[in-house]
Amino acid sequence: MTIVRLASTVASSFSLPIEQTKEGRQKPDGLVFDASVLQHRPDIPKQFIWPYGERPSPDVPELPVPLIDIGGFLSGDPLASMEASRLIGQACREVGFFLVVNHGIDEGLISDAHRYMDSFFGLPLVEKQRAQRKVGEHCGYASSFTGRFSSKLPWKETLSFQYSPETSSSSSNNIVEDYFTNTMGQDFRHSGRVYQDYCEAMSRLSLVIMELLGMSLGLDRERFRGFFEDNESIMRLNYYPPCQRPDQTLGTGPHCDPTSLTILHQDHVGGLQVFVDNEWRSVTPNFSAFVVNIGDTFMALSNGIYKSCLHRAVVNSVRPRKSLAFFLCPKYDKVVSAPSELVDVHGRPRIYPDFTWTTFLEFTQKHYRADMNTLRAFTNWLRQNKPSELLPE
Ligand SMILES: C=C1C[C@]23C[C@@]1(O)CC[C@H]2[C@]1(C)CCC[C@@](C)(C(=O)O)[C@H]1[C@@H]3C(=O)O
Ligand SMILES: O=C(O)CCC(=O)C(=O)O
Ligand SMILES: [Fe+2]
């Protein structure tokens, strides 16, 4: 048995809601992902070994991801805005992934956000565990998800935290900065500030993209912007340590994001792959661009017109890889329901039942491990369970 390190206080406090409900498995042994040890091991623990059919292939062709220049839209140029929304519409109907350039976000802020990831993930495991993610919660430090799943573990460590912007009805907030100091101590005030600023920039950018998405669907540009203005989003720092058997494992398994819109920034290493036309394709790193993709919640909001696309991340044996993922999510109790303008056009009925992000998030944390079928499984689950406040009889 390959137990790398037993940390009884942490491991024994885990329960396995997802594995128990979905696959009926038992609690796994006390495997704890200590990257400083595991990254050098020529044999990897069996829980990280993925089945043959799901392992990464060595030569993956590059995906030509559409490059959307939003500089003209930001400066109010009507022709450039129409062109940007047309290209976004095309990308979202076809694949659901695109790159955004000329976004106006300070490169220094992006570099700092990457740099402070090195500081956090470079800490000894016990220190990172001060921010340990608890069972059933989606925020905090997670290493390989040993507490939630017993097989096909992802080769990564993550730190996730909540972000919601200051709105006219909320008092000024330092939600991210406070999270860092409350969980990690005063020494983390500066990194907390960097991620607070980064989240604010991401939230603003996501609202701009929401305007373009609305326009591209023939709606008022304020429609989706207004819906997400009071977003309750998730920021996630993904750190993928080197792995001596990158051919046997995955950094993040195949999934569609259950969230609404993801704005990802990957470092120079590379590892993001998207499943298009029945094959995996890699997305080449571009430091001056953000990779944007539609998530399941926006797919439902667009009545299935825009696609949430399957993707994953692979690891390598030499260099750690970092990515910053901002997951735009609606305010928890807002009802996600496609606007009537997108229903019954071109013979397309309303495809998804109404739901709230609270219910969908809970589904992914307690009942279902996000994969390529999350939205369909959630829809079926909703129809069977019928939360009375959400579904008509
Ligand atoms: C709501 C969420 C669940 C996951 C994080 C996220 O904020 C968005 C995507 C989800 C995830 C990344 C999809 C792949 C599987 C997963 C377990 C992971 O590898 O991290 C997912 C996240 C989760 O914590 O359930
Ligand atoms: O690290 C990456 O490139 C992708 C990560 C991802 O898909 C996710 O966190 O949802
Ligand atoms: Fe993802």
Do the ring planes of [X] and [Y] sit parallel (below 30°), tilted (30 to 60°) or perpendicular (above 60°)?
X	Y	result
Y195	F180	parallel
F121	Y141	tilted
Y198	F290	tilted
F228	F298	tilted
W357	F360	perpendicular

Subject >> Side chains of T158 and R133, donor plus acceptor under 3.5 Å >> reply: no
Original post:
Do R193 and N174 meet the criterion of a side-chain donor-acceptor pair at a distance under 3.5 Å?
Top reply: yes
**OP:** Flag the pair R115 and D118 as a salt bridge only when some basic side-chain nitrogen lies within less than 4.0 angstrom of an acidic carboxylate oxygen.
**Re:** no
Original post:
Got a donor-acceptor contact below 3.5 angstrom from the W280 side chain to the P61 backbone?
Top reply: no
**OP:** Report yes if the side chains of S260 and L301 come closer than 4.5 Å at any heavy-atom pair, otherwise no.
**Re:** no
Original post:
Going by the side chain to side chain donor-acceptor pair (under 3.5 Å) test, which pairs reach into residues 94-105, not counting sequence neighbours?
Top reply: D69-N102
**OP:** Before giving the answer on salt bridge (charged side-chain N to carboxylate O under 4.0 Å, His left out), spell out for E54 and R312 the whole-Å C-alpha distance, their side-chain angles and the decisive distance to 0.1 Å.
**Re:** CA-CA 11 Å; E54 294 177 58; R312 68 182 185 185; over 6 Å; no
